[in-house]
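Written out below as structure tokens is the structure these notes cover.
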Amino acid sequence: MGTLRRTHYCGEPAESDIGHEIVVCGFTQKIRDMGNLVFIDLRDRSGIIQLAFDDGTAAALLEKAKTVRSEYVLMAKGTVRRRESVNKELKTGMVELYVTELRILSKAQTPPFEITDQSKVNEELRLKYRYLDLRRPGLQQNLILRHKIAKVARDYYFENGFLEIETPMMIKSTPEGARDYLVPSRIHNGKFYALPQSPQIYKQLLMISGYDRYFQIARCFRDEDLRADRQPEFTQIDLEMSFVDMEDILKINEGFVQRLFKEVLDVNIPLPLPRLTYKEAMERYGSDKPDTRFGMEITDLSAIVKDTEFTVFKNAVAEGGSVRAIAAKGGAAKLSRKEIDKLTEQVKGIGAKGLAYIRWVEDAPNCSFAKFISEQELADILKALGCEKGDVALIVADKNRVVLPVLGQLRLTVAKLLEIERTGYNFLWITEFPFFEWDEESGTWAAMHHPFTMPMDECLPYLESDPGSVRAKAYDLVLNGIELSSGSIRITDFELQQKMFTLLGLTKEEIEVKFGFLVDAYRYAAPPHGGAGIGLDRLAMQMCGAESLRDVLAFPKVQNCSELMSACPSEVDEKQLAELGISLIKK
């Protein structure tokens, strides 16, 4: 570089800079050599500037420009001038840099793929060479947007009286929910730390310590199977507040959402955000994280079909279940009998016994169970669903714990098949979650959120007599069918917390081993408090319009939890294992 220093990023020069001498640096995107005329597109994270060389350029400099190849790192000094041919696709498309000094700072081998957003390359190859993939403008813009989210979060919560306090990365293992990632201790041989699934216990302790508004952009870890919106390590915008109730927490987070979308995307999010109880969300959409950008809501047909001769429907209602359906408006054209058969196999794969349907193409609707019901019952079903010619009704009968989630998933599948437009940003609070959920494997009640969640006041008398009816002071923030945030008001009463642990099947010894320090802390008084954790990765994914978390993370893991670039996880040598007192069992 010598004495040269960058004065402008590549995407900055504008008409106001014409006639000014500037210095830019970056990677070579493209070279066009036309003899006495050479153009080089120079790229950095801000954009592209065209470097120009012509017959007025010194011969040695022109020859040097001709040696440049794709992805070379350059530094160029020159004068900004107006382009003869304007490129409206570029921010700098009105100007170019007429180069008077060129330095080749680093030469590159031919990359394994073209560094453009249009390059059609296998994702595994991209991830193997992630450091090259990250040069692509699309990914760079995603990571810049992610940075902006973090900055707005800090600005907003600091302005609202929150203190940023870091919590430990190596903590006590208290396994519940997902598996912990364990870290063996060399000093305490045979003992392990865990990486935090969230800062949950520590932020509650901070409330007990008097730090009444805590905030942290926290790294969290969960050893669970991956999917498009899940990674083993992720980031939360984490917060906790004292002397508040649920309304205060929802209000502060709504303010953050509104400010974030306005500052980063210039999108207005009207407040207050809509709300549904867990029960309403499940009965209308079959999901506790519904995508409300389209309709196709679930309709309960139980009252219509409870006395029908069709035993599948009749028995489902008689056994305490229900018969429910979704109506795909205009769906008959795309949902052929063959497609409906595929949908039937799909719902069987997620727990349903089958799928009944009404497909209305001709003058009379084609009903898969027509011979078991009367014309009046069929007419009543069609009326309840608002079905007309051209529509398709899909019906599931079973226990509610099967019917609702099956139809919820079916609703999303059908919307995709019908290419229903889903645009905009639909936020939604889900409230009044069940406190307990029945675990079929263990035959016990488990906490739906976590054991520190406060039950609703009116449910306290039913903790032992009717656990299934107990609702929690818990809330989730959903955006376009993705859970962004989960939070709750916490239990602060020592005796109630002990009771909840007991109801969840923990013995006194287990309580002491897992949560003894937290239980002891409550003996010294705790202010009423609650909080939430907002998934920064998922938020960035939604705001970028990305299909996977991998598109908003610098170095993501793939489906099997490995990182293709560095080939981790990897084996370690025997000496390291011996220091930790670990021996491997070969499978």
Side-chain angles (χ1 to χ4, degrees), residues 108-109 111-113 121-135 139 142-143 146 150 165-203 216-236 238 450 510 513-517 533 535-538 540-541 548-587:
Q109 296 182 117
F113 50 83
V121 181
N122 181 291
E123 188 182 31
E124 286 190 6
L125 185 64
R126 286 193 189 281
L127 291 173
K128 182 178 179 181
Y129 295 95
R130 186 63 166 180
Y131 45 85
L132 296 178
D133 196 32
L134 285 170
R135 294 181 186 178
L139 271 181
N142 286 356
L143 292 182
R146 182 191 171 95
I165 303 174
E166 291 183 347
T167 53
M169 296 296 282
M170 295 195 299
I171 67 172
K172 183 183 182 70
S173 178
T174 56
E176 70 268 343
R179 296 182 191 89
D180 284 335
Y181 277 104
L182 299 177
V183 181
S185 171
R186 177 183 59 82
I187 297 170
H188 303 281
N189 217 254
K191 294 186 177 180
F192 295 81
Y193 303 100
L195 299 180
Q197 295 190 29
S198 81
Q200 186 61 49
I201 292 176
Y202 285 96
K203 66 180 183 178
Q216 184 181 189
I217 295 182
R219 294 292 282 165
C220 305
F221 307 84
R222 292 181 186 174
D223 185 2
E224 56 189 353
D225 295 334
L226 303 194
R227 60 191 187 203
D229 65 347
R230 182 185 285 169
Q231 284 275 309
E233 48 192 325
F234 57 97
T235 305
Q236 276 186 191
D238 203 53
H450 55 67
E510 287 175 317
V513 169
K514 292 181 178 180
F515 307 111
F517 63 99
L536 194 155
D537 312 309
R538 290 182 178 181
M541 186 176 90
S548 168
L549 286 182
R550 293 193 289 271
D551 294 329
V552 295
L553 300 175
F555 301 103
K557 305 290 190 294
V558 293
Q559 190 73 29
N560 65 0
C561 284
S562 65
E563 188 208 283
L564 300 182
M565 182 188 70
S566 65
C568 80
S570 61
E571 295 178 351
V572 297
D573 62 41
E574 292 293 334
K575 182 182 178 182
Q576 288 175 282
L577 293 175
E579 288 176 340
L580 296 168
I582 293 175
S583 61
L584 299 180
I585 300 172
K586 293 187 177 181
K587 292 186 178 180

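Nothing here was measured: the structure is a model prediction, and the numbers come from that model.
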Is there a side-chain contact between [X] and [Y] in this structure, where contact means two heavy atoms from C-beta onward sitting under 4.5 Å apart?
X: Phe234; Y: Arg222; result: yes
X: Val558; Y: Leu564; result: yes
X: Ser562; Y: Cys568; result: no
X: Leu127; Y: Met565; result: no
X: Met541; Y: Asp551; result: no
X: Pro232; Y: Asp223; result: no
X: Leu536; Y: Val552; result: no

Taking [atom1] in [X] as the centre, count heavy atoms belonging to other residues, nucleotides or ligands within less than 6.0 Å. Is the count above 12?
X: Asp225; atom1: CG; value: no
X: Phe192; atom1: CZ; value: yes
X: Glu574; atom1: CD; value: no

Subject >> Steps toward side chain to side chain contact (heavy atoms under 4.5 Å, CB included) verdict (Arg126, Phe113) >> reply: CA-CA 8 Å; Arg126 286 193 189 281; Phe113 50 83; 4.1 Å; yes
Subject >> Side-chain donor/acceptor of Asp537 to backbone N/O of Leu549, under 3.5 Å >> reply: no
**OP:** Determine the interplanar angle of the Tyr202 and Phe517 rings, folded into 0 to 90°, and report it as parallel if under 30°, tilted if 30 to 60°, perpendicular if over 60°.
**Re:** tilted
**OP:** For the pair Glu123 and Arg550, find out whether any cationic side-chain nitrogen is under 4.0 Å from an anionic carboxylate oxygen.
**Re:** yes
Original post:
Charged N to carboxylate O under 4.0 angstrom, Glu224 versus Arg179?
Top reply: no
Original post:
Do the side-chain N and O atoms of Ser198 and Gln236 include a donor-acceptor pair separated by under 3.5 angstrom?
Top reply: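 The criterion, which ignores hydrogens and geometry beyond distance, is not satisfied for Gln236 and Ser198.
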Original post:
Between Thr235 and Arg146, is any side-chain donor less than 3.5 angstrom from a side-chain acceptor?
Top reply: yes
Subject >> Sole residue of Cys220, Pro556, Cys561 in side chain to side chain contact (heavy atoms under 4.5 Å, CB included) with Gln231 >> reply: Pro556
**OP:** I would like to know whether Leu195 and Asp180 meet side chain to side chain contact (heavy atoms under 4.5 Å, CB included); could you show each step before the answer?
**Re:** CA-CA 7 Å; Leu195 299 180; Asp180 284 335; over 6 Å; no
**OP:** Apply the test side chain to side chain contact (heavy atoms under 4.5 Å, CB included) to residues Glu510 and Val513: give CA-CA distance (whole Å), side-chain angles for both, the deciding distance (0.1 Å), then the verdict.
**Re:** CA-CA 5 Å; Glu510 287 175 317; Val513 169; 5.8 Å; no
Subject >> Audit row: Glu233, Leu553, side chain to side chain contact (heavy atoms under 4.5 Å, CB included) steps and yes/no >> reply: CA-CA 10 Å; Glu233 48 192 325; Leu553 300 175; over 6 Å; no
